[in-house]
Amino acid sequence: MTTERHYLADEAATLELGADLGRRLAPGSCVYLRGDLGAGKTTLMRGLLHGLGHRGAVKSPTYTLVEPYEVGGVPIYHFDLYRLGDPEELEMIGIRDYFDGRALCVLEWPDRGRGMIPEPDLTVTLTVDGRGRQANLEWAHGQH
Ligand code: ADP
Ligand code: MG
C-alpha cells in the first residue's frame with residue numbers, strides 16, 4: 001500500500017486534488033471517500049468531475065444514493081451512502097451492476113455499505129485541520 005498526505009488550505013485546493021485524482025485513476029477504479037459531514041468529500045468529487053471535463057452541476061446524492069455521470073465516454077458513479085439504513089438496500093438499486101470494471105465508482109460513507117461493495121483501489125480520508133483540510137490517500141496497489 002502507498003500512502004500520501006496533502007494539506008488542503010482552502011476549497012480550491014480540494015478541487016485541485018480531485019482533478020488530479022481524476023487524471024490518475026484508471027477506469028474501473030473504486031474510490032472510498034471517508035470523513036465527517038463537511039469534511040469536503042463532495043467538493044473533492046466536484047473537482048474530479050470538472051477536471052475530467054464534466055461541465056454541469058455536481059449535486060450531493062444524499063437522497064438518491066447514487067448520481068450517474070458520463071464524461072469522455074467513461075461512466076462515473078458518485079454514491080453517498082449516508083442515509084442508507086441497511087446495506088441490503090443496495091441490493092434493490094442493483095448495486096453490482098455499477099461495479100462493472102469499466103465505470104469509475106466513488107463512494108461517500110462507504111462503511112455503511114459494508115459487505116455489498118468492492119474493496120477500494122484508493123481510500124481518501126479528509127479531516128478538518130485549522131481552516132483547511134488534511135487529505136490522507138491510501139492506494140491499494142502501489143504507485144500512481
Ligand atoms: P462533505 O461532502 O464531506 O459533507 P462538502 O464537500 O459538502 O463536505 O464540503 C463542506 C464544506 O467544506 C464546503 O463549504 C466546502 O467549501 C468546504 N471545504 C472543502 N474543502 C475545504 C478546504 N480544503 N478548506 C476549507 N474548506 C473547505
Ligand atoms: Mg457530501
Side-chain angles (χ1 to χ4, degrees), residues 1-72 74-100 102-140 143-144:
M1 188 191 300
T2 312
T3 63
E4 285 170 47
R5 273 179 91 74
H6 299 267
Y7 181 68
L8 308 171
D10 52 20
E11 186 190 65
T14 304
L15 291 169
E16 198 169 313
L17 177 64
D20 182 48
L21 294 179
R23 287 186 289 267
R24 294 164 71 187
L25 286 160
S29 298
C30 174
V31 181
Y32 288 5
L33 300 183
R34 290 210 169 101
D36 291 340
L37 281 177
K41 301 180 295 299
T42 300
T43 305
L44 189 85
M45 187 55 184
R46 188 174 296 124
L48 186 152
L49 283 162
H50 285 157
L52 289 176
H54 172 67
R55 292 287 162 251
V58 175
K59 44 188 175 172
S60 186
T62 306
Y63 293 93
T64 51
L65 288 182
V66 58
E67 191 66 34
Y69 298 88
E70 181 155 330
V71 188
V74 177
I76 301 178
Y77 299 114
H78 178 201
F79 294 85
D80 184 342
L81 306 185
Y82 185 67
R83 296 200 168 264
L84 193 68
D86 181 333
E88 297 290 316
E89 285 172 35
L90 292 174
E91 200 85 75
M92 293 191 283
I93 66 161
I95 188 75
R96 266 178 218 95
D97 296 344
Y98 292 97
F99 298 92
D100 62 359
R102 198 169 76 86
L104 171 60
C105 291
V106 182
L107 300 101
E108 299 185 34
W109 301 97
D111 297 327
R112 306 206 172 181
R114 186 165 285 148
M116 298 294 295
I117 55 175
E119 289 299 310
D121 300 291
L122 170 66
T123 300
V124 181
T125 304
L126 293 163
T127 47
V128 174
D129 185 345
R131 291 185 169 189
R133 305 287 188 270
Q134 199 65 242
N136 200 68
L137 277 54
E138 296 173 28
W139 296 92
Q143 291 296 334
H144 286 259

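Just follow the structure's listing: the first ligand is 1, and inside any ligand the first atom is 1.
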Check this for me, if you would: do Asp111 and Arg34 make a salt bridge, where the nitrogen-to-carboxylate-oxygen distance has to be below 4.0 angstrom? yes
Is a side-chain donor or acceptor of His50 paired with a backbone partner of Ala57 at a separation under 3.5 angstrom? no
Backbone N/O of Leu126 and side chain of Lys41: donor-acceptor pair under 3.5 Å: no
Anything under 30° is parallel, anything over 60° is perpendicular, the rest tilted; go ahead and classify His54 against Tyr69. perpendicular
For Tyr63, does its backbone N or O pair with a side-chain atom of Arg83 as donor and acceptor, under 3.5 Å? no
I'd like to know if the side chain of Asp129 reaches the main chain of Gly132, judged simply by a donor and an acceptor atom lying under 3.5 Å from each other, with no hydrogens or angles considered. no
I'd like to know: is the Mg ion (ligand 2) within the 2.8 Å range of an N/O/S atom from Thr42, strictly under that distance? yes
Quick one: does Arg5's side chain have a donor or acceptor within less than 3.5 Å of a partner on Gln134's backbone? no
Taking any residue with a non-hydrogen atom under 4.0 angstrom from an atom of ligand 1, which ones do you get? Leu8, Ala9, Asp10, Glu11, Thr14, Asp36, Leu37, Gly38, Ala39, Gly40, Lys41, Thr42, Thr43, Glu108, Arg131, Gly132, Arg133
Looking at the Mg ion (ligand 2), is one of the N, O or S atoms of Glu108 less than 2.8 Å from it? yes
